[in-house]
Amino acid sequence: MIYRLCLVFLGLSTLWIALALLRAPSWTIVPGFVLGWAVIDFGSGVVHMLLDYVHLPTSFRADLLFFAPRRDTPEYTRMRKAFFARLNAFWRIAYDFKVHHHTPRALGRRSLRELTRDTLVVGGLPVLLVLDVAIAVAAPPPWLVAAGLAMAIGAIYIQYFHSVMHRTDVPPLIAAMQRIRLVMTAEAHQAHHDDPRRSFAIISGWTNPLLDRIFVLLARLGICRSEHLVPERFDAADPAAPVPAWRA
Ligand SMILES: [Zn+2]
Ligand SMILES: [Zn+2]
């Protein structure tokens, strides 16, 4: 019910913003959209970096993490549902990032609703709300409205774009966005899974060179720590496993 109300607000809000742009057509709309897309790409990388490498003071459900060997079972789905029901939107997103390096392909099996439900609430709707109020009271310039709209779209669909990078059946719209470099390809994103110290952005990847430098700085400062990339139990589960080169 709440999700449906959010979708109604999303539809009305997008319509309101589109009408505001149509009322004042301007050449600045395209560069504004590109700017907003770059900002949300950078934001996706910062959030990803922090959720990968900052210790999260919650007890991750070890038996869920290590529920082996198959996750496509009713029992796993029931356990996951019960676990997620106790978490708020932020912790559900954090959990998804923490388990993603264990099971990267699982993200590609999620439904659109699962992938957008939490990011819609904590990411997209607040941006749209600010934009709606700004349009109503201050008539911001078209480039700024376009930038805000791009950021809202990116924030809502961030994990959807990421999930497509772990699928072989890429929807035609996303394939077109990949061709014009608005969305990263699976090959480009694989650089992060090959070496989780780089390529943190999960939308267009435009800001990865900058994010890579920021990660080096945060790692030197001890803010990002490799031992937090996965819950401790993961390493403890198989102490004989070779240490990956990037953690040596
Ligand atoms: Zn990661
Ligand atoms: Zn991934």
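Counting starts at 1 for both ligands and their atoms, in listed order. Keep in mind it's a predicted model, so treat the numbers as computed, not measured.
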For F200, what residues pass the ring-ring contact (aromatic ring centres under 6.0 Å, His included) criterion, not counting sequence neighbours?
H48, H192, F215
Less than 3.5 Å apart, any donor N or O on the side chain of H193 or Q190 sitting next to an acceptor on the other?
no
May I have the angle between H162 NE2 and H166 NE2 with its vertex at the Zn ion (ligand 2), rounded to 10°?
100°
With sequence neighbours left out, what residues match R167 under salt bridge (charged side-chain N to carboxylate O under 4.0 Å, His left out)?
D169
Within a distance under 2.8 Å of the Zn ion (ligand 1), the protein atoms of type N, O or S are H48 NE2, D52 OD2, H101 NE2, H192 NE2
Give the ring-plane orientation class for F33 versus W37, where under 30° counts as parallel, over 60° as perpendicular and anything between as tilted.
parallel
Does the side chain of T119 come under 3.5 Å of the side chain of Y160 through a donor N or O and an acceptor N or O?
no
Sorted by chain and number, sequence neighbours left out, ring-ring contact (aromatic ring centres under 6.0 Å, His included) with F42 holds for none
